[in-house]
Each structure stands twice: as C-alpha cells, then as structure tokens.
Amino acid sequence: MSILQIKNLHVTVDTDQGTKEILKGVDLTIRSGETHAIMGPNGSGKSTLAYSIAGHPKYTVTEGEILLDGENVLEMSVDERARAGLFLAMQYPVEIPGVSVSNFLRTAKTAIDGEAPALRTWIKDVRKAMDDLRMDSSFTERNVNEGFSGGEKKRHEILQLELLKPKFAVLDETDSGLDVDALKVVSEGVNRAKDESGFGVLLITHYTRILRYIKPDFVHVFVAGKVAEEGGPELAERLEAEGYDSYVKA
Amino acid sequence: MTELTQTAQPGLAQHGLTEHSHGYGVPIQTRNERVRSTNVGDFAPITLRDEQWRYLAVERLNGLDADVLDEFSGDISLSAPDGVVASWVEAGHEAFGAAGTPEDRTSAAAWSSAQAAYLIDIPAADSHQEVRLTLKATDAEPSALHIIVRAAKFTEATVVLDHTGNGNLAENVEIIVGDEAKLTLVSIQQWDDKSAHTSAQFAKIGRNAKLKHIVASLGGKTVRITPSVDYTAPGGDAELLGVYFAESDQHLEHRPYVDHGVPNCKSRVTYKGALQGNKAHTVWVGDVLIRKAAEGTDTYELNRNLLLTDGARADSVPNLEIETGQIEGAGHASASGRFDDEQLFYLQARGIDELSARKLVVRGFLNEIVQQIGIEDIEDRLTAAIEAKLARSGA
Ligand SMILES: Nc1ncnc2c1ncn2[C@@H]1O[C@H](COP(=O)(O)OP(=O)(O)OP(=O)(O)O)[C@@H](O)[C@H]1O
Ligand SMILES: [Mg+2]
C-alpha cells in the first residue's frame, strides 16, 4: 500500500515577463488502487502539476511538499522519482531521433528495476502489451515517437506504463486526440496495468468520455492553480453539463 | 536546439528558396569562379584570410601545406571480390583526373606530388560488391596519395576507404559513378591523435546513377574533407552524409559541394556532429550551386551539431546559389546547440539517469548517419568509437 501526498504546493515558472506563479496551494492525496480525475479549464495548471510531480526543471516549487510513502519527492532528481515509482504519461511526448523504441524500453526497464530484464520473457511481455494496445510490432524498430501520430504517441505512453509498473501513474490528457476505438483500447490498457500492479492513478482530462472506461473514485475540479471542489464521479457529469463558469467567476 | 556558434544566422536557420531574396548565405566568391588547377603555384599560401581556410590555422596541417609532398609510404591493403581490378596508373590514363580538378592548395600539392594513382575498377556484377581499402599511415612525413574509384555502368557496390594510423596525408579521391550505377562510398577517418589529413573527394555521377557518400571523421588532430559532386547527365542522385565527433583540441572540417550543372538531378546533404571538450572545433560549409542549365533540380542540405560541453565550437555555414528559377526544390537547415531539455526530461522521467540519457541522445543522433553504412562490422566499430568518446566525457 503506497500513498502520494501533495501538500500546499506552490509552483512558479520563469517567463520573459518575470516569474509567474501557476500552482497556488494544491492539496491532494492518492493511495494505491485509487483513481483520481482532475478536470479544469485550459491553462489552470493541470500539466504544471503533472510536471511538478515528475520534476521537470522548468518548474520551481516555492512552497509545500510532495511525499511518496513519507519520502520527500522534491529532493529527488527526475530519474530518482521515476525509480521511486512515479510515472507521467505526457500530454506531448517528445521525439528522440536515432533511439529505437525497443532500445528505449529496455533501457528504461533496466533503469527502473535496477537490473536488465530476462531477455526471453521481456520480448514476450513487450509483444503482448503491444498486441493488447493494437500496436504493430514494427514500432519497436522505429525511433521513439518519431513520426508517430498523436494517437500512436499516447499508446506508446501507455505501453510504457504497462511495462514499467509504477506505484503512481499521472496521465496527462492521455485521452486527447484518440479516436473512439483507440480510447477504448488505451483505457483497457490502463485498467489492465492497474489491475496487475494496483497503482494509484491521477487522470487529467477534459472529457467524461474516458471516465466511462476508467472509473474515477474521486473527481477534483482544478481552477486557477488549485483544487476548487472535490467529489465523486457524479461531479464529472455535472461539470460536463454546466462547465466551469461557476468556479471561474467565484 | 539553441544557437551557440553559427556563422550563417542566429538560431535555427531553415528556409527554402523563396526566403533567399535577401541574399544571405551567398559566398563572397561564387563557387564557379574558384580557381581550379593541378598546379600548387596557382594557389596562394594558406592563411586564415583565405575564405577556404578561414577556420583552420596552417600549423595544424603538420606540413601538408608544402609545395611538394612525399608519396604515401604507409600500408595499403585491398579486399575485394573477384573481378575488381586494382592498379597504379599515371597522368595520361583516361581515369586520371576524370572526376575533378583540385580547388585548393593541399589538393593541388597532393595531385602533383603523387606520380601515380591507385585505381580501383569495379565492373558490373550480378550482386552487390563490397570493396575495402585500408590505408594505414606509418610515419609522420607529410605525404600525398591519389585514389580513383570507378564503378562501371550498372554496377552496385560499396567501397570503404579506411584511414588509420599515425601520419599526415593530403589526398585526392576521384569517384566515377557510371550510368545507372549505384555506389556507396564510405570514407572513415580514424587516425591516431597527432595526425593531419586533407582529402578532396571528387565525384562524377552518370545518367540515372546514384552515389551515397558517407564521411565518418572521428580520429585525428586535424581532418579536412572536401567532397564535391558533379553530374554528367540528367537523373543523377547524390546523397552526401557525414558524421563526426570532435574532442578536445580536435579540428574536424567538412565542406561538401554539389554542383548542379545539368537538369533533373537530385542532392541531399546531411551532416551531423557532436563536440566535447575545450577547443574541440568542427566546421561545416555546405555549398550548393544550381547553374542556369540545371532545371528541375531538387536539393536540400542540413547540418546539425550537438555541443556536449563548454569550450567547444561548431561553425556551420550553408550556401545556396541559384541561377535558374525552374527548380523542384532547394533548401537548407543548420543548427548548433546544446541538448534538448525536453528529450532529456523524457528519458529521465523513465528512470534513466542524466548521464545515460545524454549518451542515449548523442548515440541516437549520430547513429542516424552510421546506420546508413549498411556494413555491420564497420557500423559496430564506429559505434564503439563513439561510445569510447562518450565514456571519456562524462558528457
Ligand atoms: N514555461 C512557461 N512559460 C510561460 N507560461 C507558462 C509556462 N508553462 C506554463 N505556463 C502557463 O501556466 C499556465 C498553466 O499551464 P498548464 O500547461 O499547466 O495548463 P493546463 O491546465 O495543463 O492546460 P491545458 O488544459 O490547456 O492542457 C498557462 O497559463 C501557461 O501559459
Ligand atoms: Mg495541459
């Protein structure tokens, strides 16, 4: 049983116009096996929260803490956080020219586990996970994210999630840009990985559609850099009907 | 990538024909006015004031700027399938000077100093032929060598010129690609630390023929390769690729030149380099000339440099001269800079430590060119050499 605690998190970013505060006191607690959905308007700071958890150097934490099973995450480097069990499926995955998917996956797995995976079972695991995600096996020979379509990039993120088995997964708009079938396939991938390793999920989304496949236990409304309201799955339905107007005005 | 040192234009220069009206990138002297001669005396002594030598201090040439050079006395070994014929030929032989004429001083000195040229004749065969010529320098006397590779009509072959050892060599390589032939020529510079090497590599491409020219410069104190391409008939296709990795006090210079003088030919120039350490210096000057007659030309040139440490300098200058409006396409891109933070973040977010992530990125960046060679043991050797450099760096 693991627990990820975000307490009073304040985050700034350096812009041409000076330092700008984006997160203004975020509180959030996620336990293994739980699924938390975060919904909120564009620019409210959802990706900033995701990046701050993962440790992107662009963002500076000015106040508050992030604890993983009591350990201070903010003192860890990006790779240490990943090895400690945090995973971020990115909104815009990056292309890495000349690095093949198979090499990348094996290198990542070796780094996370601290030892190289047994070759035969590894190849089998990768193939199975790709089949499940309806990814053609030729992707392993391609360079990471290079020339991938939007949907293919998202599948590739979830492929990594399935193979790396973290303690907590932050999914930043994994559903954006997916067609109906892909949404189902990707959601099933998340659920399968979750059933297997029991991780906690922080699901950032604009749409209730994905919540039909990945059932949230909690929904958080994110506005202007903090959580404005929390509730159960029914809150998502209400947001879809009413929008964020009432929060933004408040 | 962010810009560090780029002579042409700050930041990422990337544009096509239409943006060339402002005249940027056109060299002081247009390429077709440059002196061509086999006589050393026709070229001024090498100084930094000379456009062609402006990045290279003459002392770094270890004596290759002399008027007269010794003939290369190192080991030359050839491995080739039956049917390939190698012989020494002198001026007056039909192949001697068939692909080009020197355009700089060391090339002219090498031309007149090497009495005979080593000619490799590759006849057409049923299958792809692989030829390897290994040159191992054994003493430091400034020396000269002239090599001619001639691929007959319809020939499909790969020729590897492997430069190793400790020496100082001024070289001319003529590459004659017969009509409809497909030739890959790989020139590897893996010299010992003190060596200096200049090599003018002239290619003449026949009707519907294809040349894939790959330069890999990893070892040597000073390496200056000037590949040039010229087409005899329409349908020619030239792909000029280069990969280099300069470490502290290494100077690696590449000046590819494509002369489009006939219609409907294609060229693609792609050079990628990495640099690390104090005074690591790379120079890339890519010239493309599209002459009036060369309607339907399709060309693109690209140079990218990755600077792994402070103190290194990458000069990158694309030049495109266009004398006809009737072309398929023409463009260039050049960028030199540091690691892409987003790439490193992505890899680190998957548990890969920063040093390994950097190495993965550099390896991938350079491997894109190495992978084009298509000969496994050579690719492995170059990959290992790149790996050894990365291991030294703690990049
Ligand atoms: N590097 C940066 N420089 C300037 N502003 C930034 C930077 N990074 C983020 N911001 C700003 O911070 C705010 C929050 O951005 P963020 O990407 O976290 O929003 P988001 O909630 O994920 O939005 P979306 O729903 O559109 O993905 C935005 O106003 C954005 O412009
Ligand atoms: Mg976002």
Side-chain angles (χ1 to χ4, degrees), chain A residues 50-59 76-115 141-146 153 156-157 159-161 163-167 169-170 172, chain B residues 1-2 12 214 216 241-245 270-274 302-306 308 333 335-374 379-380 382-383 386-387 390 395:
Chain A
Y51 277 132
S52 302
I53 295 170
H56 195 293
K58 208 164 66 182
Y59 302 98
M76 302 179 193
S77 62
V78 176
D79 48 297
E80 283 169 347
R81 294 180 196 204
R83 293 198 295 273
L86 298 177
F87 180 90
L88 168 61
M90 306 205 194
Q91 187 173 358
Y92 303 108
V94 186
E95 296 184 1
I96 317 225
V99 178
S100 71
V101 167
S102 75
N103 181 16
F104 166 67
L105 292 175
R106 196 165 12 86
T107 307
K109 182 68 176 170
T110 305
I112 298 278
D113 289 3
E115 59 178 356
E141 297 312 315
R142 289 176 61 176
N143 293 330
V144 173
N145 293 322
E146 207 176 64
K153 285 182 181 165
H156 181 230
E157 293 295 288
L159 173 66
Q160 295 166 52
L161 172 64
L163 294 169
L164 298 180
K165 305 187 192 318
K167 289 182 180 146
V170 180
D172 191 0
Chain B
M1 285 184 239
T2 50
L12 185 82
I214 307 174
L241 303 169
V243 58
Y244 48 89
F245 193 150
T270 309
Y271 273 68
K272 295 176 118 189
L302 175 146
N303 176 230
R304 294 221 184 291
N305 298 295
L306 205 45
L308 312 190
S336 301
R338 299 198 166 277
F339 282 98
D340 179 347
D341 284 342
E342 298 302 324
Q343 288 182 348
L344 292 182
F345 173 71
Y346 188 78
L347 294 170
Q348 286 180 265
R350 298 304 178 245
I352 301 165
D353 67 83
E354 185 176 346
L355 184 59
S356 305
R358 285 177 189 274
K359 289 182 179 178
L360 206 56
V361 170
V362 181
R363 211 182 286 138
F365 177 74
L366 299 179
N367 265 351
E368 283 206 305
I369 304 292
V370 174
Q371 283 163 6
Q372 294 288 321
I373 294 173
E379 289 181 7
D380 289 349
L382 296 179
T383 307
I386 290 168
E387 211 62 41
L390 287 170

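Below, chains carry the letters A, B, ... as their sequence lines are ordered, and counting in each starts from 1. Being a predicted model, the structure only gives us computed values, none of them experimental.
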### Task
Report the distance from atom CG of B/Leu360 to atom CZ of A/Phe104, rounding to the nearest 0.5 Å.
8.5 Å
### Query
Checking heavy atoms, do the side chain of A/Leu164, its backbone, both or neither come under 4.5 Å from chain B?
side chain
### Task
Measure across B/Ala349 and A/Ala82 and return the closest heavy-atom pair with its distance rounded to 0.1 Å.
O-CB, 3.3 Å
## Note on the structure
Of all heavy-atom pairs linking B/Phe345 and A/Gly55, the shortest is CE1-C, 4.0 Å
For a quick check, list the donor-acceptor atom pairs closer than 3.5 Å between chain B and chain A, or say none.
residue, atom, partner, partner atom, Å
B/Glu342, OE1, A/His56, NE2, 3.2
B/Glu342, OE2, A/His56, NE2, 3.1
B/Gln343, NE2, A/Glu95, O, 3.1
B/Tyr346, OH, A/Asn145, ND2, 3.3
B/Tyr346, OH, A/Glu157, OE2, 2.4
B/Tyr346, OH, A/Gln160, NE2, 3.0
B/Gln348, NE2, A/Asp79, OD1, 3.2
B/Arg350, NE, A/Gln160, OE1, 2.4
B/Arg350, NH1, A/Leu88, O, 2.9
B/Arg350, NH2, A/Leu88, O, 2.8
B/Arg350, NH2, A/Glu157, OE1, 2.7
B/Gly351, O, A/Arg83, NH1, 2.9

### Query
Can you say whether A/Pro166 sits under 4.5 Å from chain B via the side chain, the backbone, both, or neither, judging by heavy atoms?
neither
